[in-house]
Amino acid sequence: MTDAIRNVSPPAPAALNSPARVLTASLVGTTIEFFDFYVYATAAVLVFPVLFFPNSDPMTAMLASFATFSIAFFARPLGAVVFGHFGDRIGRKATLVAALLTMGISTVVIGVLPTYGQIGVYAPLLLALCRFGQGFGLGGEWGGAVLLATENAPEGKRNWYAMFPQLGAPVGLFLSSSIFWLLLHVMSKDDLLAWGWRVPFLASTVLIAIGLWVRFSISETPAFKKALEAHERVAVPVAEIFGKYKRSLFLGTFVALVTFVLFYIGTAWLLSYNIKVLQMPFLDALEIQIMSSVVFGIFIPLTGKVGDKIGRRKSLIGITVMIGAFSFLLPALLAGGEVGVAIFAAGSMALMGMTYALIGAALSAPFPTNVRYTGASLTFNFAGIVGASLAPYAATWLQANYGMAYVGYYLGLAALITLLCILASRKGEV
């Protein structure tokens, strides 16, 4: 009888953690997280300056809106520490569910917030608090989703598996842009400002339910199970990271720098520039962003395959050099009218797809299983602070005060720093 049970039992975990299920769980979760994140980014350009900062001139209101946008990036390392601790102590699955709920609830609450016209200065304060909650949740989501994929990856397919959670970024961007585009087709701008802007935030409730269902359907990763069996867990993972892996943490942060700068210049800042500076209609600006999100999504799987064939480090060096060269084209393209803007959006997101496809595996590679959730999450989110938190704000300020060329210099400097850190890394650090 015992032998019969032993013969029947093993297939169950294999079926539960099949490649399709694991990759779907990692993709669906990050899609929801990034949908929530980008809905805020779009609203920060289209509606928040008017609804939450109405007493400022348009440029000051936009900068204030981008300031609340940046709060999430400072909350993300805290989320990485908290969720990373539990992810390395009790497991990836339960922690990913908690991170998804934290992000999702914060997003839904934004959808019911009163505006400045209703409660005055408390409105932007509550908005900032919800934005902090979004960042805190996302700080624990990304690292766990990447580990869910990579710790189930067969030999030789680590980069391919690691790119699946990264696909959540373009899918989330596509969905968030599309829902605002659809709303603008079925209602007036006045209705959008009155109540329509709340719909995308409240709609995330449906996505959260789907994400939880998928996440509950998976089991713990094989790598973490082995760590449990070998009693390899550490008491305080974050202390281990800062004690033994400071170099990997520092290099990884700046290896990902240009990834973040490129993305937020090519999305949040570009959307603002198109609408506020070029006076482009909302719908046209959103259509460009929808188109660029498709390009973004196409280049992620293509680069995941290339990374497994020629090597991740070599691929990242080549991609970073291309981003540096692209930065010199930025002023000319954005001075070329709507066609130039569309080319810039497509080009920036093609390059973004290339670098983003590999960054997940690169940032998790230096850390052992028992601290990998914390290490990968901290690295990614520290990169978010230095690369993304102020990118829309900085690009807006540079363009307004010094001209478009300086936005290009900003992107080019980020590419140079990233390149130097990749070259300084040793085997296994990237």
Sorted by chain and residue number, the ring pair (Phe, Tyr, Trp, His ring centres under 6.0 Å) partners of W397 (sequence neighbours excluded) come out as Y402
In terms of heavy-atom contacts, Q134 and D36 come closest through NE2-O, 3.2 Å
Audit row: T259, T355, side chain to side chain donor-acceptor pair (under 3.5 Å) steps and yes/no: CA-CA 6 Å; T259 301; T355 182; 2.8 Å; yes
Using atom types as modelled and distance alone, determine if a side-chain donor or acceptor of T374 lies under 3.5 Å from a backbone N or O of V371. no
Ring pair (Phe, Tyr, Trp, His ring centres under 6.0 Å), that's the test. Do Y264 and F73 meet it? Break it down for me. CA-CA 12 Å; Y264 285 98; F73 293 97; 5.3 Å; yes
Show the nearest heavy-atom pair for residues P366 and S248, with the distance to one decimal. CB-OG, 3.4 Å
Out of F174, F201, F263, which residue meets the ring pair (Phe, Tyr, Trp, His ring centres under 6.0 Å) rule with Y38? F263
Step by step, would you call Y116 with F48 a ring pair (Phe, Tyr, Trp, His ring centres under 6.0 Å)? CA-CA 10 Å; Y116 189 95; F48 288 164; over 10 Å; no
If I take atom CG from residue L283 and atom NZ from residue K189, how far apart are they, to the nearest 0.5 angstrom? 11.0 Å
Exercise: identify the closest heavy-atom pair between F180 and V39: CE1-O, 3.8 Å
Any donor-acceptor pair under 3.5 Å linking the side chain of N381 with the backbone of A80? no
Compare every heavy atom of C421 with every heavy atom of L251, then report the nearest pair and how far apart it is. CD2-O, 3.8 Å
Step by step, work out the ring pair (Phe, Tyr, Trp, His ring centres under 6.0 Å) result for F250 and F254. CA-CA 7 Å; F250 176 84; F254 290 97; 5.1 Å; yes
Considering residues at least two apart in sequence or located in another chain, which fulfil the ring pair (Phe, Tyr, Trp, His ring centres under 6.0 Å) criterion with F242? none
How are the rings of F136 and F132 set to each other: parallel, tilted or perpendicular (split at 30° and 60°)? parallel
Side chain to side chain contact (heavy atoms under 4.5 Å, CB included), paired with W197, selected from V50, D191, T115, T42: T115
A98: which residues meet the side-chain contact (heavy atoms from CB on, under 4.5 Å) condition with it, sequence neighbours left out? F83
Short side-chain donor-acceptor distance under 3.5 Å, T267 and Q289: no
Taking every heavy atom of F326 against every heavy atom of S348, the minimum-distance pair comes out as CZ-N, 3.6 Å
Any heavy-atom pair between the side chains of I300 and F164 that's under 4.5 Å? no
Go through the steps to decide whether M349 and M291 satisfy the test side chain to side chain contact (heavy atoms under 4.5 Å, CB included), and finish with yes or no. CA-CA 10 Å; M349 288 301 101; M291 174 274 297; over 6 Å; no
For A405 and P331, which heavy atoms make the closest approach, and how far apart are they? CA-CG, 3.7 Å
Check whether Y40 forms a cation-pi arrangement with R131 (NZ or CZ under 6.0 Å from the six-membered ring centre, at most 45° off the ring normal). yes
